Asks: 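One structure coming up, written as structure tokens, with questions to follow.
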Amino acid sequence: MAQLNKQPVRVRFAPSPTGGLHLGGVRTVLYNYLFARQHKGQFILRIEDTDQTRYVEGAEQYIYDCLDWCGLVPDESPLHGGPYGPYRQSERKAMYRQYADQLIEAGQAYIAFDTSEELERMRQENKTDENPSPQYDRHTRMTMRNSLSLPAEEVKHLLDAGTPYVIRIKMPEDETVVLQDLIHGEVKFESALVDDKVLLKADGMPTYHLAVVVDDYLMKITHAFRGEEWLSSAPVHVMLWKYLFGLDKMPVWAHLPLIMGPQGKLSKRDGAKYGFPVFAMNWTDPKSGEMVEGFRERGFLPEAFLNMLAVLGWNDGTEQELFRLEELIQKFSMDRVHKAGARFDFDKAKWFNHEWIKKGKDEWLYDEMSRIPGSVFYQKEKEFAVRVIGLVKERCSLLTDFNEQAGFFYHSPERIDADAVKPKWNEDKAVFFRRLSERYATSAAWNAQQLEQGFKELASESQLKPGDLLLPFRIMLVGGKFGPAVFDIAGLIGREQTLSRIHTALEQFKSRI
RNA sequence: GCCGCGUUGGUCAAGGGGUUAAGACGCCUCCCUUUCACGGAGGAAUCACGGGUUCGAUUCCCGUACGUGGUACCA
């Protein structure tokens, strides 16, 4: 550990490209990234594609796209290259075998010939109420077909005959495996209770267990952060480190708390079930065609998404909740990460986005809006859009809210909420608006101040209270009881639109009220 | 079942032997605004349970319960 401190910090995110990248995955990336930047170290992306049966077309590219969108770009990766490549485990296949062989030499691993049927049979036969899932361990390994139970000659014979086999770690009978975790502190395991995990599969590919250890060593990883679902298999990794490279070379671990859904572990199904995104970006499974919604398409700003994720399980000890990435890099610390899993709350997520929208520059929001399909803002020039955005942004939690909140700046309301004006509508008011439109038709200047002044003058000439006329006017221009100040709206949409909307509404009121 | 991790309002959480137990989201009320929103002021709501230790436990220890992860030639 002392030695590690002198080395440049190197952390890695190691996803397997089998589908979308969900909340928890992005948070793991984020914490890795923050830690690396804070320590002026390297952030590596390693693709763990050792299971060929789970290969999913496009999944790797999708990961790059997500990281790109979030702005968490790795220093080394299959895409960006680097001095410790290749960064795809499938391309490193040849590197793992020697370590497995080394373990066999040392008696720390063994060869096992059991077929999946035989394994299944063992599990069935040993299954009891007390032990519903028997392990391949010190109790059962001598009853199986492996280089420990079989005579050396038979092993040689089977090998010569090309019998498929795997290599398993031989967990010691009586050892306490101790792990120092940055978040959980000291965690202990009894080696006797851990099973003989497969290290090298029959196809020659390593399992995760061998691959992480070997690659973390070869890639000089100093700190290994991963989800808490890995904590149970940590003793296997620790043993491997001890056997292969020495505990003093082992990275510092941190097992991140899980992100939970409304009930239990957050799953992609929760998204569809409860109506919120769980992936960073839309992900369509190429086989099933099933689409899981992403935060990006739902209208989140990457900054807000990251902000929300950062404080889901971490805080800086103050009341601050809004952080820019630079601040997070400065303030993040693993020992302030909460131990317990956190339930994801979509309302709170929207609040973060809302805050970022309110704080955001209008021009910037305009640019971000390009991601929203069918955004109204591209129907007219940018200058107009930017002014509209400034007027409505405090009413929008998501980028996708803008179309509804700003639509009436681009087209006259599709539906006019006549019911809202109905109770207090009368002929005096109708007369007022007819006169107002005459007045507006000829007024020299067209800006909010002038329009408001004209409106109020006419109201007092008509012996009407402006307050009683404002709501009808709003309904005429907007269609409903929402939106920014009416005269700002009239000022922006212009004379022609304002007059036309007054006339249209007047007609509707005539027939419907 | 076994192993690991965890448990402060509905949710995210600060705190940590003596506190009126922060704050945020959400919810409710009021103010501002003759809309909605923003903003402001309030409100309801919390230390899982049982034993210790202690003058005193939400805080420390031990159990229990509950939640959660693992228990694959998946990661």
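Chain letters run A, B, ... following the sequence lines, proteins first and then strands; every chain starts at 1. None of the values given here were measured: they were computed from a predicted structure.
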Asks: I need the CG-C1' distance between A:Asp215 and B:rA75, as an integer number of Å.
Replies: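 To the nearest whole Å, that distance equals 14 Å.
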Asks: Pick base, sugar-phosphate or nothing for A:Val166, based on heavy-atom distances below 4.0 Å to the nucleic acid.
Replies: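 Base contact.
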Asks: Write down the distance between CD (A:Glu229) and C1' (B:rG4), rounded to a whole number of angstrom.
Replies: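 Rounded to whole Å, this separation is 13 Å.
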Asks: How is A:Pro257 classified with respect to the nucleic acid when contacts are heavy atoms under 4.0 Å: base, sugar-phosphate, or nothing?
Replies: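 Contact class for A:Pro257: none.
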Asks: Which nucleotide, if any, forms a Watson-Crick or G-U wobble pair with B:rG63, using both distances under 3.5 Å?
Replies: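 Pairing partner, where one exists within any strand: B:rC49.
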Asks: Among B:rG23, B:rA75, B:rU7, which nucleotide has an atom closest to any side-chain atom of A:Thr207?
Replies: B:rA75
Asks: Can you find a donor-acceptor pair, distance only, under 3.5 Å between A:Lys348 side chain and B:rA24 base?
Replies: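 Check passes, donor-acceptor contact within cut-off.
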Asks: Are the side chains of A:Ile44 and A:Ser77 in contact, using a 4.5 Å heavy-atom criterion?
Replies: no
Asks: Evaluate ring pair (Phe, Tyr, Trp, His ring centres under 6.0 Å) for A:Tyr208 paired with A:Trp230, printing each intermediate quantity in order.
Replies: CA-CA 11 Å; A:Tyr208 173 85; A:Trp230 290 109; 3.8 Å; yes
Asks: Can you check the distance between B:rC5 and B:rA22, where both ends of the measurement are the C1' atom (answer in whole Å)?
Replies: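 Approximately 27 Å lies between the C1' atom of B:rC5 and that of B:rA22.
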Asks: When you measure only distances, ignoring hydrogens and angles, does the side chain of A:Ser232 come within 3.5 Å of the base of B:rG69 through a donor and an acceptor?
Replies: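 Such a pair is found, so the answer is yes.
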Asks: Could you pull out the closest heavy-atom pair between A:Phe300 and A:Leu399, with the gap in Å?
Replies: O-CD2, 4.3 Å
Asks: Considering only side-chain heavy atoms of A:Met260, which listed nucleotide, B:rU68, B:rG4, B:rA72, is closest?
Replies: B:rU68
Asks: Using a 4.0 Å heavy-atom cut-off across all strands, classify A:Thr50 as base, sugar-phosphate, or nothing.
Replies: sugar-phosphate
Asks: Once you apply the 3.5 Å cut-off to both distances, tell me the Watson-Crick or G-U wobble partner of B:rG39, or none.
Replies: B:rC31
Asks: Any salt bridge between A:Glu303 and A:Arg324, counting N to O under 4.0 Å?
Replies: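 Salt bridge between A:Glu303 and A:Arg324, a charged N being under 4.0 Å from a carboxylate O: no.
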Asks: Pick the C1' atom in B:rG52 and in B:rA57, then give their distance to the nearest Å.
Replies: 11 Å
Asks: Checking all strands, does A:Lys350 fall into the base, sugar-phosphate, or nothing category for heavy-atom contacts under 4.0 angstrom?
Replies: nothing
Asks: Under 4.0 Å from OP1 or OP2 of B:rA75: is there any side-chain N or O of A:Lys201 that close?
Replies: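 It does, given that an N or O in the side chain of A:Lys201 lies less than 4.0 Å from OP1 or OP2 of B:rA75.
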Asks: So what does A:Met205 hit on the nucleic acid, given a heavy-atom distance under 4.0 Å: a base, only sugar-phosphate, or nothing?
Replies: nothing
Asks: Applying a 4.0 Å non-hydrogen cut-off, can you work out what A:Arg474 is touching in the nucleic acid: base, sugar-phosphate, or nothing?
Replies: base
Asks: What nucleotide among B:rC25, B:rG6, B:rC38 has an atom nearest to a side-chain atom of A:Glu394?
Replies: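 The closest nucleotide is B:rC38.
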Asks: Expressed as a whole number of Å, how far does the P atom of B:rC49 sit from that of B:rU7?
Replies: 15 Å
Asks: Which is true for A:Val311 with a 4.0 Å heavy-atom rule: it touches a base, it touches only sugar-phosphate, or it touches nothing?
Replies: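 Contact class for A:Val311: sugar-phosphate only.
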Asks: What's the spacing between A:His255 NE2 and A:Ile183 CD1 if we round to 0.5 Å?
Replies: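 So the NE2 of A:His255 and the CD1 of A:Ile183 are separated by 9.0 Å.
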Asks: If we take the C1' atom in both B:rA41 and B:rA21, what is their distance in whole Å?
Replies: 22 Å
Asks: So what does A:Phe189 hit on the nucleic acid, given a heavy-atom distance under 4.0 Å: a base, only sugar-phosphate, or nothing?
Replies: sugar-phosphate
Asks: For the side chain of A:Asn131, starting at C-beta, report the closest nucleotide among B:rU35, B:rG1, B:rU34.
Replies: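 That would be B:rG1.
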Asks: Describe the nucleic acid contact of A:Asp114 in one word from base, sugar-phosphate, nothing, applying a heavy-atom distance below 4.0 Å.
Replies: base
Asks: When A:Asp196 is tested against each of A:Arg141, A:Arg168, A:Lys170, A:Arg138 for salt bridge (Lys or Arg N to Asp or Glu O under 4.0 Å), which residue passes?
Replies: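 The single option meeting the salt bridge (Lys or Arg N to Asp or Glu O under 4.0 Å) with A:Asp196 is A:Arg141.
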Asks: Roughly, in whole Å, what's the span from CZ in A:Arg226 to P in B:rG70?
Replies: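 Going from CZ in A:Arg226 over to P in B:rG70 covers 13 Å.
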Asks: Strictly below 4.0 Å: does A:Lys358 bring a side-chain N or O up to OP1 or OP2 of B:rA37?
Replies: no
Asks: Calculate the interatomic distance between A:Asp181 atom CG and B:rC5 atom P; express it in whole Å.
Replies: 10 Å
Asks: Is there a donor-acceptor contact under 3.5 Å from the side chain of A:His354 to the main chain of A:Glu394?
Replies: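 Between the backbone of A:Glu394 and the side chain of A:His354 there is a qualifying donor-acceptor contact (under 3.5 Å).
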Asks: Can you tell me, in whole Å, how much space there is between the P of B:rA13 and that of B:rU8?
Replies: 9 Å
Asks: Taking for each residue the nucleotide of RNA chain B with the nearest heavy atom, is it A:Ala340 or A:Val486 whose nucleotide lies nearer the 5' end?
Replies: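 Per heavy-atom nearest nucleotide, the more 5' residue is A:Ala340.
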Asks: Can you tell me how far C1' in B:rG9 sits from the matching atom in B:rC61, rounded to whole Å?
Replies: 27 Å
Asks: Determine: side-chain N/O of A:His338 to OP1/OP2 of B:rA14, distance under 4.0 Å, yes or no.
Replies: yes
Asks: Which one, B:rU34, B:rU71, B:rC74, comes nearest to the side chain of A:Pro466?
Replies: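 Closest of the options to the side chain of A:Pro466: B:rU34.
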Asks: With respect to the phosphate group of B:rC38, does any side-chain polar atom (N or O) of A:Lys393 fall under 4.0 Å of OP1 or OP2?
Replies: no
Asks: Base, sugar-phosphate or nothing for A:Gly264? Non-hydrogen atoms, less than 4.0 Å.
Replies: sugar-phosphate
Asks: At 4.0 Å (heavy atoms only), tell me whether A:Arg123 reaches a base, stays on the sugar-phosphate, or touches nothing.
Replies: sugar-phosphate
Asks: Check every strand shown and say whether A:Ala202 touches a base, only sugar-phosphate, or nothing at a heavy-atom separation below 4.0 Å.
Replies: base
Asks: Looking only at side-chain N and O atoms, does A:His184 come under 4.0 Å of OP1 or OP2 in B:rG6?
Replies: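 Yes, within the criterion.
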Asks: With sugar-phosphate meaning primed atoms plus P, OP1 and OP2, does A:Ala485 contact a base, only sugar-phosphate, or nothing at under 4.0 Å between heavy atoms?
Replies: base
Asks: Can you check the distance between B:rG10 and B:rC27, where both ends of the measurement are the C1' atom (answer in whole Å)?
Replies: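 Each nucleotide's C1' atom is 9 Å from the other's.
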Asks: Taking only the C1' atom of each, what is the distance from B:rU53 to B:rU46 in whole angstrom?
Replies: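 25 Å, rounded to whole Å.
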Asks: Check every atom of B:rG1, B:rU35, B:rG23 against the side chain of A:Glu321 and return the nucleotide holding the closest atom.
Replies: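 Minimum distance to the A:Glu321 side chain belongs to B:rG23.
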Asks: On RNA chain B, check which nucleotide each of A:Pro484 and A:Leu231 is closest to and give me the residue with the more 5' one.
Replies: A:Leu231
Asks: Answer with yes or no whether the side chains of A:Tyr55 and A:Glu60 bring together a donor and an acceptor at under 3.5 Å.
Replies: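 Per modelled atom types, A:Glu60 and A:Tyr55 side chains form no pair under 3.5 Å.
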Asks: Ignoring hydrogens and angles, state whether a donor on the side chain of A:Ser90 or A:Asp49 is under 3.5 Å from an acceptor on the partner side chain.
Replies: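 Their side chains do contain a donor-acceptor pair, which is all the 3.5 Å distance test asks for.
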Asks: Pick base, sugar-phosphate or nothing for A:Gly227, based on heavy-atom distances below 4.0 Å to the nucleic acid.
Replies: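 Answer is nothing: A:Gly227 stays at 4.0 Å or more from every strand.
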Asks: Give a yes/no on whether any side-chain N or O of A:Arg168 is located under 4.0 angstrom from OP1 or OP2 of B:rC73.
Replies: yes
